[in-house]
Amino acid sequence: MPYEKELAAAKKAVTLAARLCQKVQKALLQSDVHSKSDKSPVTVADYGSQALVSFILERELPSESFSLVAEEDSGDLRKESGQDTLNRITELVNDTLASEGSNSFSTLTTDDVLVAIDSGKSEGGSVGRHWVLDPIDGTKGFVRGDQYAIALALLHEGKIVLGVLACPNLPLASIGSNQQHSSSNEVGCLFFAKVGDGTYMQALGGSTQTRVHVCDIDNPEEASFFESFEAAHSLHDLSSSIAEKLGVKAPPVRIDSQAKYGALSRGDGAIYLRFPHRGYREKIWDHAAGSIVVTEAGGIAMDAAGNPLDFSKGKFLDVVSGIIVTNQKLMPSLLTAVKEALNEKASSL
Ligand SMILES: Nc1ncnc2c1ncn2[C@@H]1O[C@H](COP(=O)(O)O)[C@@H](OP(=O)(O)O)[C@H]1O
Ligand SMILES: [Mg+2]
Ligand SMILES: [Mg+2]
Ligand SMILES: [Mg+2]
């Protein structure tokens, strides 16, 4: 089967990274949160997760040339002021590797950690194979103690061919607004998908996998929709106007990160709407894993003009207006509602 060993390596890497993130989220200290030059927060867990995934992929797939497009870089950690943070990250990475139970590696030094983080400097593109990683997607949710995801995908000749999404705080039971109360309150999900092979979910750290599908709702009145928790990441007013035009009755479900794609892939909701503020450029790591998880589960992800998402143009994912995700049945009417709402917005400016 194509990409079988890549999928196994990706699941292993993401599962270990999730373990590191869970440990940090439990003990989150103020000093563990830094601000990057674009003012977005980054924590020791973002760096630690990126170092771990990079290290594990290279170790598990030694015969392949390794290219990784990832969100973080080591610039701040190489400064004098980053030394304590770097030591802490290195300790976390080593502790997590030790908990894996294999002794087949030596302890990583701070230099090894910097090198592993900086392996993520690839630009991607339409030629060859590139891993695409968001070590923590939804850092703001992570810091708040809410939802976040570790999102890893493989880009091959410009197409996403596999994706793995760990959502450590997502309940195994549905989070849909009109769901029966569930007896299970277990949290921690791992979603994964390979092109042509469907999407599966298992408990994070578990082994029993279940195939998942997007919902088959065709009546918008029964649909519910997801959007970012952070209003700075997506225009909430515009989503509400689209939902209203479509006839959606339920209020939006606001959660952080690509956990939205995971939840959609198992039918917890029917629609995901994302409309960034003017001037923001989407990055491929914010959608690569999520989009294959949802499309292999029978959904469709497009930009607001109905174009497929193109991951082959480097680290940016250029889209017209925004990103919309739903099932096959609702997409035509969703596209119409989006078009109307965007026209209205343009004429009111
Ligand atoms: N102004 C902005 N508009 C849209 N997206 C933004 C943004 N600023 C940051 N983001 C992206 O939104 C992602 C989180 O999405 P969500 O709102 O669905 O949780 C962030 O990922 P990180 O948390 O990995 O940095 C970041 O890449
Ligand atoms: Mg970020
Ligand atoms: Mg992100
Ligand atoms: Mg991130």
Side-chain angles (χ1 to χ4, degrees), residues 2-3 5-7 9-14 17 36-38 40 42 46-47 49-75 114-139 149-166 191-196 233 257-258 261 274 276 279-296 301-303 307-320 322-323 325:
Y3 310 116
K5 66 180 193 306
E6 288 82 0
L7 178 63
K11 283 172 71 177
K12 186 169 193 173
V14 165
K36 290 196 285 192
S37 53
D38 65 0
S40 61
V42 57
D46 294 69
Y47 291 121
S49 169
Q50 180 158 325
L52 257 185
V53 172
S54 167
F55 177 75
I56 300 277
L57 287 178
E58 269 210 271
R59 187 187 73 180
E60 298 286 315
L61 304 165
S63 57
E64 297 176 21
S65 74
F66 184 62
S67 169
L68 174 67
V69 188
E71 183 180 3
E72 311 302 345
D73 67 65
S74 74
L114 291 171
V115 167
I117 292 171
D118 283 338
S119 293
K121 276 193 173 149
S122 165
E123 289 291 319
S126 60
V127 179
R129 286 183 182 213
H130 311 275
W131 290 97
V132 180
L133 171 68
D134 196 334
I136 292 189
D137 182 42
T139 306
I150 296 101
L152 177 64
L154 181 62
L155 183 66
H156 191 190
E157 306 296 326
K159 300 268 185 252
I160 303 295
V161 293
L162 80 83
V164 179
L165 208 53
F191 297 91
F192 53 96
K194 226 157 23 92
V195 65
H233 295 176
S257 85
Q258 289 170 69
Y261 283 103
R274 185 184 192 88
Y280 181 78
R281 285 180 85 186
E282 293 283 357
K283 318 295 185 309
I284 56 173
W285 52 74
D286 280 322
H287 302 280
S291 67
I292 188 166
V293 160
V294 120
T295 51
E296 282 297 323
M302 331 197 84
D303 75 12
N307 303 304
L309 303 181
D310 182 356
F311 291 94
S312 74
K313 295 279 166 40
K315 69 178 185 180
F316 290 105
L317 177 70
D318 283 323
V319 295
V320 177
I323 294 178
V325 189

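The figures that follow rest on heavy atoms only: side chains count, while hydrogens, waters and symmetry mates do not.
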[X] versus [Y]: any side-chain heavy-atom pair under 4.5 Å?
X	Y	answer
E282	I323	yes
F192	L162	no
N307	V319	no
L154	Y3	yes
V195	K159	no

For [X] and [Y], work out which heavy atoms get closest and say how close.
X	Y	result
A289	L152	CB-O, 3.6 Å
S291	A301	CB-CB, 4.4 Å
S67	H130	OG-ND1, 2.7 Å
V53	A13	CG2-O, 3.9 Å
V69	S122	CG1-O, 3.5 Å
V320	D303	N-OD2, 3.1 Å

Measuring from [X]:[atom1] to [Y]:[atom2], what's the distance to the nearest 0.5 Å?
X	Y	atom1	atom2	result
L68	L155	CG	CG	11.5 Å
S119	D73	OG	CG	12.5 Å
I284	E123	CD1	CD	9.0 Å
H156	E6	NE2	CD	9.0 Å
I292	L165	CD1	CG	11.5 Å
R274	D286	CZ	CG	6.0 Å

Item to complete: I would like to know whether E60 and K12 meet salt bridge (charged side-chain N to carboxylate O under 4.0 Å, His left out); could you show each step before the answer?
Response: CA-CA 9 Å; E60 298 286 315; K12 186 169 193 173; 3.3 Å; yes

Can you tell me if [X] uses its side chain to pair, donor with acceptor, with the backbone of [Y] under 3.5 Å?
X	Y	answer
S49	P135	yes
D137	Q258	yes
E157	G128	yes
D118	S74	yes
S54	A116	yes
K194	P2	yes
Q50	I117	yes
K313	F311	no

Worksheet item: Do the charged groups of E64 and R129 touch, with an N to O distance under 4.0 Å?
Response: yes

Worksheet item: What do the steps show when you test L133 against W285 for side-chain contact (heavy atoms from CB on, under 4.5 Å), and what is the final call?
Response: CA-CA 5 Å; L133 171 68; W285 52 74; 5.9 Å; no

Fill in: Test item: side-chain donor near acceptor, H287 and Y261, under 3.5 Å
yes

Discussion item. Test side-chain contact (heavy atoms from CB on, under 4.5 Å) on V164 and L7; report intermediate values, then the result.
Written reply: CA-CA 8 Å; V164 179; L7 178 63; 3.8 Å; yes

